[in-house]
Amino acid sequence: MQTPHKYTFIPDNYSDVLKELKDQHFAWEMKFSSRTENKTIGHVTHYAIGATPSNNCLILIPGLASNTRTEPLMKVIEYWAMMNKHDIYCLDTFLGDFLPDTSQELAEKHTFNEYINLIDTGLDVIEKDVKQKKYTYSCLIGHSAGATGTFEIYNKRIREHKKLRFSASVMFAPYLDHSFTTYIQDFYKRFIYKNEIDDETFKKSVIGINSPHEPHPNGKLSKISILPTFYDDIDSVKFCPELMNKYNIPITLVAGGRDKKSPPEELRKKFLTLRNGNNGHLWKFVVFKNSRHSFIDQYKDWGAILRLIQSQKRFALINIK
């Protein structure tokens with residue numbers, strides 16, 4: 001039997017080993033609030049391989065209704081990173097804070113714009129630490145809403161004539177398909193309110209979303225409180241090639257071939273537009289044909305995903321300016 005390559009072999013018990021690695025390499029954790037009047041809370045957790053900083057670090061931002069503690073995609077990347085001498089920064093927001101009950105007050109605070117502001121504030125914290133430690137290579141890895149929100153922040157920095165914060169990015173399934181908004185809003189209107197509510201009232205009423213990854217104590221689902229209009233906020237994000245063509249770091253767009261939320265054909269269209277731009281050589285596009293949106297259903301893809309992240313590092317070190 002062929003010996004698996006050290007960069008791609010993921011044991012069946014990686015989740016248990018990861019817990020030990022995190023306990024061993026935990027450096028610090030901080031809570032912070034956004035700079036808005038809503039002041040939602042985020043968390044940055046840093047894991048360092050040793051007292052002397054590694055040459056490399058990853059910054060992880062999970063997607064909607066998820067966090068780096070439980071999402072398999074993020075956990076397997078963490079495992080690989082620490083086994084291969086990469087420091088890690090985990091950025092979690094209110095979208096990963098599951099509570100036993102829904103809250104109208106929290107739902108009104110948990111807007112997509114607030115989510116972006118919170119990520120922006122957290123990245124300020126991480127960027128300062130990354131510069132202080134003088135990493136040779138730093139890569140931001142976003143998934144779903146985390147990737148979409150990061151693009152909004154990157155565009156903001158281009159408008160402000162600032163550099164992007166890190167050496168490279170790998171973006172898994174950024175949210176693009178607007179038809180999903182109608183589907184998910186109709187689902188919650190039917191599931192929670194049995195369709196016995198008018199559209200305007202529904203848009204102002206709390207819904208609770210849960211994650212398939214979050215543990216369910218006593219069989220009860222914990223939820224994150226948002227308004228249905230959260231999905232409309234995501235839909236308001238504009239594809240801005242005039243700004244994205246100015247990105248000066250390598251970015252890979254990653255699609256799941258069976259993804260219905262961020263369909264690969266839509267992501268490919270965006271890639272082809274960017275590929276023809278001024279910095280088109282810095283953009284790559286990869287499809288894992290058997291994966292869905294969360295990349296959790298096809299564990300055979302873990303090796304390919306990790307090889308992709310490794311190749312992004314080699315590509316970035318050649319192209320860093």
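All heavy atoms count here, side chains included; hydrogens, waters and symmetry mates do not.
Tracing side-chain contacts under 4.5 Å through hydrophobic residues (I, L, V, M, F, W, Y), one never reaches Leu64 starting from Leu99; they form parts of separate clusters.
Using a 4.0 Å cut-off between a side-chain N of Lys or Arg and a carboxylate O of Asp or Glu, Asp23 and Lys19 qualify as a salt bridge. Taking the charged nitrogens against the carboxylate oxygens, Arg157 and Asp120 have no contact shorter than 4.0 Å, which rules out a salt bridge.
Lys75 meets the salt bridge (charged side-chain N to carboxylate O under 4.0 Å, His left out) test with no other residue; sequence neighbours excluded. Shown here are the side-chain hydrogen bond (donor to acceptor under 3.5 Å, both in side chains) partners of Ser138, two or more places apart in sequence or in another chain: Ser167. Every residue two or more places apart in sequence or in another chain was checked for a side-chain hydrogen bond (donor to acceptor under 3.5 Å, both in side chains) with Thr148, and none qualifies. Listed by chain and number, the residues in a salt bridge (charged side-chain N to carboxylate O under 4.0 Å, His left out) with Lys134 amount to none (sequence neighbours excluded). Every residue two or more places apart in sequence or in another chain was checked for a ring pair (Phe, Tyr, Trp, His ring centres under 6.0 Å) with Tyr231, and none qualifies.
The environment of CD in Glu242 is crowded: more than 12 heavy-atom neighbours from other residues, nucleotides or ligands sit within 6.0 Å. Counting non-hydrogen atoms of other residues, nucleotides and ligands closer than 6.0 Å to NZ of Lys133 gives a total above 12.
Counting only distance, with no hydrogens or angles, the side chain of His46 and the backbone of Ile88 share a donor-acceptor pair below 3.5 Å. Remark: the backbone N or O of Pro174 is paired with a side-chain donor or acceptor of Ser262 at under 3.5 angstrom.
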Please tabulate, for side-chain N and O atoms in residues 187-195, each donor-acceptor pair with protein atoms closer than 3.5 Å (sequence neighbours left out).
from: Lys189; atom 1: NZ; to: Asp199; atom 2: OD1; distance (Å): 2.4
from: Tyr193; atom 1: OH; to: Val206; atom 2: O; distance (Å): 2.9

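Under the 30°/60° scheme for interplanar angles, the aromatic rings of His143 and His293 are found to be tilted.
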